[in-house]
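To start, the structure itself, in structure tokens.
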Amino acid sequence: MIVVAVGANLAATGYETPLATCEAAVTCLAEDSDIRVTGRSRWYESEPVPVSDQPWYVNGAVAVETDLLPEVLLARLHLIEESFGRVRRVRNEARPLDLDLIDYHGQVRIGAVAPTLPHPRAAERAFVLLPLQDLDAEWRHPVTGERVSVLIDGLPGAGGAIRPLVG
């Protein structure tokens with residue numbers, strides 16, 4: 001399974017809310033002829049990590065299939081982010097869209113070869129793990145082998161406050 005995390009805490013131009021932005025981004029992924037969306041999580045609201053005075057985020061995840069190599073897929077995700085107005089200036093800043101490659105069929109890539117897989121902070125973030133559990137409750141971290149439920153149970157408070165989005 002290939003997992004892409006989707007998040008936003010600002011509405012992109014032309015969209016009323018971060019949720020509408022995230023929904024449009026998933027549609028954009030699904031319309032890419034090289035990417036097939038095979039599953040999606042529910043949406044969550046989560047506080048910014050690290051905690052700040054930014055608006056809360058809308059987060060979710062999608063499972064996709066593609067023949068694109070991980071580095072090509074990540075470049076495609078960055079192009080989609082840019083099309084929604086994402087400009088990378090400051091780490092952890094508010095953003096209209098964030099698409100992260102979390103897992104690529106369990107590949108482990110650490111070191112000089114980008115992208116790092118699995119995503120280096122995925123196991124530390126409730127806003128990644130809860131949507132991932134929605135996609136596959138049996139998912140195991142490719143490095144540690146721990147089930148997603150064990151990772152969730154082990155989250156410290158720094159994992160971020162999170163709740164399912166209702167409405």
Side-chain angles (χ1 to χ4, degrees), residues 1-49 52 54-110 112-136 139 142 148 160 162 164-165 167:
M1 175 171 73
I2 300 170
V3 178
V4 175
V6 181
N9 69 341
L10 301 174
T13 301
Y15 298 93
E16 290 189 24
T17 64
L19 176 59
T21 301
C22 289
E23 287 282 0
V26 172
T27 299
C28 190
L29 277 170
E31 290 173 348
D32 187 307
S33 62
D34 294 321
I35 301 170
R36 187 167 59 92
V37 174
T38 59
R40 54 187 295 174
S41 72
R42 63 186 144 173
W43 296 110
Y44 293 85
E45 291 180 300
S46 64
E47 71 179 335
V49 175
S52 71
Q54 293 181 29
W56 278 43
Y57 281 80
V58 171
N59 293 101
V62 292
V64 302
E65 286 301 323
T66 184
D67 290 329
L68 298 173
L69 295 172
E71 55 273 16
V72 176
L73 176 58
L74 183 61
R76 191 78 55 94
L77 297 177
H78 287 169
L79 286 173
I80 294 169
E81 286 177 344
E82 289 172 17
S83 75
F84 280 82
R86 171 83 186 264
V87 178
R88 294 173 186 273
R89 290 179 294 249
V90 178
R91 188 173 184 182
N92 298 318
E93 68 184 335
R95 62 200 69 143
L97 184 61
D98 190 22
L99 299 174
D100 286 326
L101 183 55
I102 303 300
D103 186 11
Y104 190 97
H105 295 301
Q107 260 189 47
V108 176
R109 294 172 78 171
I110 300 171
V113 179
T116 299
L117 292 168
H119 189 284
R121 291 171 301 284
E124 305 165 3
R125 305 292 197 229
F127 62 81
V128 171
L129 294 174
L130 271 70
L132 182 51
Q133 183 174 245
D134 287 349
L135 291 175
D136 182 2
W139 182 85
V148 67
I162 186 168
L165 188 63

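All values reported here derive from a predicted model rather than from experimental measurement.
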Rounded to the nearest 0.5 Å, how far does [atom2] of [Y] lie from [atom1] of [X]?
X    : Y    : atom1 : atom2 : value
L19  : N59  : CG    : CG    : 11.0 Å
T21  : D98  : OG1   : CG    : 12.5 Å
L132 : D103 : CG    : CG    : 7.5 Å
Y57  : L10  : OH    : CG    : 7.5 Å
L101 : Q107 : CG    : CD    : 9.0 Å

Look only at the side chain of T27 and the backbone of E23, and say whether a donor-acceptor pair between them is shorter than 3.5 Å. yes

Which of these passes side-chain hydrogen bond (donor to acceptor under 3.5 Å, both in side chains) with N9: E45, Q54, E47? Q54

If you define the side chain from C-beta out and look only at heavy atoms, does anything of L99 sit under 4.5 Å from L97? yes

Is any side-chain heavy atom of L73 closer than 4.5 Å to one of I2? yes

Who passes side chain to side chain donor-acceptor pair (under 3.5 Å) against Y15, sequence neighbours left out? none

Salt bridge (Lys or Arg N to Asp or Glu O under 4.0 Å) partners of residues 57-76, not counting sequence neighbours, each pair once: D32-R76, D34-R76, E71-R109

Presence of salt bridge, R95 and E81, under 4.0 angstrom: no

More than 12 heavy atoms of other residues, nucleotides or ligands under 6.0 Å from CZ of R88: yes or no? yes

Testing the 3.5 Å rule here: is there a donor-acceptor pair between the side chains of R125 and H119? no

